[in-house]
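Some notes on the structure that comes next.
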Number of protein chains: 2
Amino acid sequence: MALHKREEFSLKEQELAAFAKALSHPARISILAKLAKRNECVCGELVEALPLAQSTVSQHLKELKNAGLIDGTVDGPRSCYCINWKAFEKFMGEFSFLFNKLKIQNEKACC
Amino acid sequence: MALHKREEFSLKEQELAAFAKALSHPARISILAKLAKRNECVCGELVEALPLAQSTVSQHLKELKNAGLIDGTVDGPRSCYCINWKAFEKFMGEFSFLFNKLKIQNEKACC
DNA sequence: TTTATTCATCGTATAAAAACGATTAAAGAA
DNA sequence: TTCTTTAATCGTTTTTATACGATGAATAAA
């Protein structure tokens, strides 16, 4: 019985988990890094640079887009993607808030 | 054919993805947050605080431990867990390096 | 108009994750 | 020793993720 229970957690927890999930595959990390460096930007370039089929890359791009981490624009027959820095900063900030802040208060070992 | 291709990416990309994967479930976010706040620390307390069965919580703890994000100590019949801040900082730093640094250079929109 | 090119989507197959109950192992209490 | 408590592990089921080829839609070129 695998009734998933994601909904039974707080919205903040679900949001952070969803963000992390978008980053949880090396292909998506690689895509984001390439977009950050601006070497590749168009879908076809990403396909060439990755060891995956075109349909698979397209699928990963869709997941990143659904998570709000990238934006896509249609440029004729091509699709161009770029990082949504605002979303990225938001999530990184929330992780820092949730953990780093508390870290300072609880530097000593626990058990 | 789902021959997974995680190995075909760089080690750094695989490491970051593995870190993100550990954070990709709200239950694990919740566990980490509780450990950070030090309200709960012992496995049994976490089980009470979460809407999951004991075996499921134990499984999530194991994943966090395998990812190096928490440490566990046996205390008699109990198990006590705490966050590995060093690992946490390492990964957060790498994400910042990979994205935030480049962000400064490429503030303008892409496409 | 016809033909390529580019990419998203669909359908499908396999692998991994998530969840639980049952069992096991180890420590403490009776 | 026997019983209880605590938590890890095992086995199983269901859901989700990953990956690809094939198809389709839209633009550009011939």
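We name chains A, B, ... by the order of the sequence lines, and we start the count at 1 in each one. This one's a predicted model, so the numbers in the text were calculated from it and none came from an experiment.
Distance check: A:I29 CD1 to A:L23 CG gives 5.0 Å after rounding to the nearest 0.5 Å.
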Next item on the list: Go along nucleotides 22-30 of chain C 5' to 3' and tag each nucleotide: B for a protein heavy atom under 4.0 Å from its base, S when only backbone or sugar atoms are that close, - otherwise.
Entry: B----SS--

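Summarising the geometry, the separation between CG on B:L50 and C1' on C:dA18 is reported as 14 Å, rounded to the nearest angstrom. If you measure from atom CD of A:E8 to atom C1' of C:dA18, you get 13 Å, rounded to the nearest angstrom. Counting to the nearest Å, the C1' atom of D:dT18 and the NZ atom of B:K5 are 11 Å from each other. Remark: C1' of C:dA16 and CG of B:L3 are 14 Å apart, rounded to the nearest angstrom. Put simply, CG on A:L52 is 11 Å from P on D:dT18, counting in whole angstrom units. Distance A:E48 CD to C:dT6 P: 9 Å, rounded to the nearest Å.
Within the 4.0 angstrom heavy-atom criterion, no nucleotide atom of any strand lies near B:V47.
At least one donor-acceptor pair closer than 3.5 Å links the side chain of B:E13 to the backbone N or O of B:S10. A distance-only check finds a donor-acceptor pair linking the side chain of A:N84 to the backbone of A:A87 [under 3.5 Å]. Looking only at distances, no side-chain donor or acceptor of B:H4 sits under 3.5 Å from a matching main-chain atom of B:R6. Looking only at distances, no side-chain donor or acceptor of A:E89 sits under 3.5 Å from a matching main-chain atom of A:K86. Panel note: side chain B:S96, backbone B:M92; a donor-acceptor pair is recorded below 3.5 Å.
With contacts defined as side-chain heavy-atom distances shorter than 4.5 Å, the pair B:I83/B:L69 does not qualify. Between B:L35 and B:Y81 the shortest side-chain heavy-atom distance falls below 4.5 Å.
Distances shown here put a side-chain N or O of B:Y81 below 4.0 Å from the OP1 or OP2 atom of D:dA8. The side chain of B:T56 contributes an N or O atom lying less than 4.0 Å from OP1 or OP2 of C:dC20. For D:dT18, one of the phosphate oxygens OP1 or OP2 lies less than 4.0 angstrom from a side-chain nitrogen or oxygen of B:R6. Between B:K21 and C:dA16, a side-chain N or O to OP1/OP2 separation shorter than 4.0 Å is absent.
Within the structure, salt bridge (Lys or Arg N to Asp or Glu O under 4.0 Å) contacts touching residues 17-26 of chain B (residues at least two apart or in different chains) do not occur.
Where A:H4 and A:A53 each meet DNA chain D at their nearest nucleotide, the meeting point lying more 5' is that of A:H4.
Among residues two or more places apart in sequence or in another chain, the salt bridge (Lys or Arg N to Asp or Glu O under 4.0 Å) test is passed with B:E94 by B:K12.
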Kindly list each side-chain donor-acceptor pair under 3.5 angstrom involving residues 44-63 of chain A, sequence neighbours excluded, with atom names and distances?
unit_1, atom_1, unit_2, atom_2, d
A:E45, OE1, A:C41, N, 3.2
A:E45, OE1, A:V42, N, 3.3
A:H60, ND1, A:R28, NH1, 2.9
A:E63, OE1, A:R28, NH1, 3.3

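Remark: B:Q59, B:H60, B:E63 in residues 58-68 of chain B come within less than 4.0 Å of DNA chain C through at least one heavy atom. Of all the residues in residues 22-31 of chain B, B:H25, B:R28 reach under 4.0 Å from DNA chain C with at least one non-hydrogen atom.
Taking the six-membered ring for Trp and thresholds of 30 and 60 degrees, A:F19 and A:F95 have ring planes inclined between 30 and 60 degrees apart.
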